[in-house]
Amino acid sequence: MDDHSASLIKLDQPVTRKGGSWAKRLVGVLVVAGIVTAGVLYWLDARHFETTDDAFVDAHVSQVSAQISGRVVKLLVDDNQVVAAGKVLAEIDPRDTQVRLDQLVAQRDQAEAQLLQARATLPARQADVAQYAAQVRVQQAELDQSQRDLGRYTRINPRAITAQTLDQAHATSDSAHARLDAARSTETGARAQYTIARAQVTAAEAALRTADANVEQAKLQLSYTRIVAPAPGSVARRTLEVGNYVNAGQSLLAVVQPACWVTANLKESQLADLHQGQHARVAVDAFAGAPLAAHVDSVQSGTGAQFSSLPAENATGNYVKVVQRVPVKLVFDDAGVCGRLHLSPGMSVEPRIEVR
């Protein structure tokens, strides 16, 4: 091979650029350093927050049930309608209850009349007692007089009076005794009649109180024919229609109250630094706006599993340890945000609680 060919071969070989290689390495190092720095900064910031996606909007929901059985004749609300406390939602046919009330009112009037009658006889019985007591005193006086006369006749000389006069004095005394005994018996009977009259008044008063209670109970039953809202809110889950026959205790609809909060089911390992009053930001899945400000209100005294329909029996069978979740109540700083954003129970949210 000649010198010209050798020089061509050398020119065709690639030339290594040391400057470009070092630039690529520097970029790679900077990228890795940026990622590590970002990760460290994120960790330093994230460790001061607790978050979970197991969180939902919650609110007070009043279940409205029928308190008496009957057929619905009026329905005065519609789905999702806002109602005030005491608003009549529906009416059950009141005719049977009204008839029962009328019967009890009549019985109450009868009981009142019997009481008035019993009270009217009481003064008469009391007057009889006073009259017969006076007769007893009169007979006692006649007996005393006859005994004094008999004593005088028995102390004087028997020759000064006749036997007939002495016998008549004895007869008068015995007759006075008999009349006194009869008067006392009559007085005792009058007092017994007065006691009976007082007992009849007491019984009539008790009967009137019972009749009054029955009337009030019937009025209460009649009021149950008007189904009213127990609290302000909006109507939800309505199953009631005009013409339906409902039974006592049957659920008819629900009233969702306007105030709401967030129930965040945090893992038990996230509760160490959690306490009341800590600030939180709540992102609502249904809205793309900025997270809502809130704060920790309270932590439930028990895990969610403990209050479930079928709580775990850890003392029986094979035990597998599972991280438990504890409901934490978060209250929005703005009390009116629930109404403005139409937040409803069950909506998904993601809270971020500052625990530093």
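Any value given below was found using the heavy atoms of this structure, including those in side chains, with hydrogens, waters and symmetry copies removed.
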Colleague: Would you check if Y194 and L122 make a side-chain contact, meaning some heavy-atom pair closer than 4.5 Å?
Modeller: yes

Colleague: Assigning hydrophobic clusters by single linkage (Ile, Leu, Val, Met, Phe, Trp, Tyr; side-chain heavy-atom cutoff under 4.5 Å), is L89 placed with Y224?
Modeller: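 In one cluster with L89: Y224, yes.
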
Colleague: I'd like to know if the side chain of Q276 reaches the main chain of D297, judged simply by a donor and an acceptor atom lying under 3.5 Å from each other, with no hydrogens or angles considered.
Modeller: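 At least one qualifying donor-acceptor pair exists.
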
Colleague: Which atom pair, heavy atoms only, marks the closest approach of A59 to Q257?
Modeller: CB-O, 4.1 Å

Colleague: Mind listing the closest non-hydrogen atom pair of S69 and Y245 along with its distance?
Modeller: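 Closest pair (atom of S69, atom of Y245, distance): CB-OH, 3.7 Å.
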
Colleague: Do the non-hydrogen side-chain atoms of N265 and P327 ever get within less than 4.5 Å of each other?
Modeller: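 A side-chain contact under 4.5 Å exists here.
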
Colleague: Let's go through E50 and K267 carefully: what are the C-alpha distance in whole Å and the side-chain angles of both, what is the deciding distance for salt bridge (charged side-chain N to carboxylate O under 4.0 Å, His left out) to 0.1 Å, and is it a yes or a no?
Modeller: CA-CA 10 Å; E50 295 292 351; K267 296 178 181 178; over 6 Å; no

Colleague: Just wondering, do L115 and R119 contact through their side chains at under 4.5 Å, heavy atoms?
Modeller: yes

Colleague: I'd like to know if the side chain of Q98 and the backbone of L222 have a donor-acceptor N/O pair within less than 3.5 Å.
Modeller: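 The answer is no, because no donor-acceptor pair under 3.5 Å joins these two groups.
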
Colleague: Roughly how far apart are R325 CZ and S269 OG, rounded to 0.5 Å?
Modeller: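 With rounding to 0.5 Å, CZ (R325) is 8.5 Å from OG (S269).
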
Colleague: State, yes or no, whether a side-chain contact exists between V284 and L341 at a heavy-atom distance under 4.5 Å.
Modeller: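 The answer is no, as the side chains (C-beta and beyond) never meet within the 4.5 Å cut-off.
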
Colleague: Quick check for you: to the nearest 0.5 Å, what is the distance between E216 atom CD and L220 atom CG?
Modeller: 9.0 Å

Colleague: Report the distance from atom CD of E91 to atom CG of L75, rounding to the nearest 0.5 Å.
Modeller: 10.5 Å

Colleague: Run T97 and R100 through side-chain contact (heavy atoms from CB on, under 4.5 Å) and show every step you take.
Modeller: CA-CA 5 Å; T97 310; R100 176 61 178 166; 5.6 Å; no

Colleague: Where do V328 and L271 land on the side-chain contact (heavy atoms from CB on, under 4.5 Å) test, with the steps shown first?
Modeller: CA-CA 9 Å; V328 176; L271 302 179; 4.1 Å; yes

Colleague: If every non-hydrogen atom of A264 is compared with every non-hydrogen atom of A55, which pair is closest and at what distance?
Modeller: CA-CB, 3.8 Å

Colleague: Keeping N244 on the side-chain end and V246 on the backbone end, is there a donor-acceptor pair under 3.5 Å?
Modeller: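 No, the answer is negative, given that no donor and acceptor are paired below the 3.5 Å cut-off.
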
Colleague: Can you establish whether the number of heavy atoms outside Q306 located under 6.0 Å from its atom CD is more than 12?
Modeller: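 Incorrect, the count does not exceed 12.
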
Colleague: Would you say the side chain of N80 lies within less than 4.5 Å of the side chain of V235, judging by non-hydrogen atoms?
Modeller: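 When only atoms from C-beta onward are counted, N80 and V235 do not touch, as no gap falls below 4.5 Å.
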
Colleague: If two hydrophobic side chains count as joined below 4.5 Å and joins carry through other members, does V57 share a cluster with V255?
Modeller: no

Colleague: Kindly indicate whether the side chain of L208, heavy atoms from C-beta on, has any atom under 4.5 Å from the side chain of R108.
Modeller: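 In short, these two side chains touch, coming nearer than 4.5 Å.
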
Colleague: Apply side-chain contact (heavy atoms from CB on, under 4.5 Å) to residues V256 and V61 and explain how you reach the verdict.
Modeller: CA-CA 5 Å; V256 181; V61 180; 4.3 Å; yes

Colleague: Hey, what do you get for CG (D54) to CD (E350), rounding to the nearest 0.5 Å?
Modeller: 11.0 Å

Colleague: Is it true that a side-chain atom of S251 and a backbone atom of S65 form a donor plus acceptor pair closer than 3.5 Å?
Modeller: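 It does not hold such a pair.
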
Colleague: Determine yes or no for a side-chain-to-main-chain donor-acceptor pair under 3.5 angstrom, with R125 supplying the side chain and A197 the backbone.
Modeller: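 It does not hold such a pair.
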
Colleague: Working to the nearest 0.5 Å, report the span between CG of L240 and NZ of K74.
Modeller: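 That separation rounds to 14.0 Å.
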
Colleague: So which heavy atom on A218 is nearest to which on L101, and how close?
Modeller: CB-CD1, 3.6 Å

Colleague: State, yes or no, whether a side-chain contact exists between D334 and R340 at a heavy-atom distance under 4.5 Å.
Modeller: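 A side-chain contact under 4.5 Å exists here.
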
Colleague: Would you say T225's side chain and Q221's backbone share a donor-acceptor pair under 3.5 angstrom?
Modeller: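 No, T225 side chain to Q221 backbone: no donor-acceptor pair under 3.5 Å.
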
Colleague: May I ask whether V228 and I92 are part of the same hydrophobic cluster, defined by side-chain heavy atoms of I, L, V, M, F, W, Y residues being less than 4.5 angstrom apart, directly or through others?
Modeller: no

Colleague: Verify the cluster assignment for L253 and V242: are they in a single hydrophobic cluster under the rule of side-chain heavy atoms below 4.5 Å apart?
Modeller: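 Same hydrophobic cluster.
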
Colleague: If we only count heavy atoms from C-beta on, is the Q200 to Q114 side-chain gap below 4.5 Å?
Modeller: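 Side chain of Q200 against side chain of Q114, heavy atoms only: no contact under 4.5 Å found.
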
Colleague: Over all heavy atoms of both residues, which pair between F332 and C338 is shortest? Give the atoms and the distance, please.
Modeller: CD1-SG, 4.0 Å

Colleague: Is there a side-chain contact (heavy atoms from CB on, under 4.5 Å) between D58 and W261 once you walk through the steps?
Modeller: CA-CA 5 Å; D58 211 341; W261 62 91; 3.4 Å; yes

Colleague: Keeping Q278 on the side-chain end and D273 on the backbone end, is there a donor-acceptor pair under 3.5 Å?
Modeller: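 Yes, Q278 side chain to D273 backbone: donor-acceptor pair under 3.5 Å.
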
Colleague: Could you state the interatomic distance from NE2 (H295) to CG (D333), rounded to the nearest 0.5 Å?
Modeller: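 Separation between the atoms: 6.0 Å.
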
Colleague: Examine distances only and state if a side-chain atom of T51 and a backbone atom of P351 form a donor-acceptor pair shorter than 3.5 Å.
Modeller: yes

Colleague: Any donor-acceptor pair under 3.5 Å linking the side-chain atoms of Q140 with those of R184?
Modeller: yes

Colleague: Quick check: closest heavy atoms across L343 and F287, and the distance to 0.1 Å?
Modeller: CD2-CE1, 3.4 Å

Colleague: Is it true that L292 and L330 fall in one hydrophobic cluster, defined by side-chain heavy atoms closer than 4.5 Å?
Modeller: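 Yes, same cluster.
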
Colleague: Check this for me, if you would: do E354 and R281 make a salt bridge, where the nitrogen-to-carboxylate-oxygen distance has to be below 4.0 angstrom?
Modeller: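 No salt bridge links E354 with R281.
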
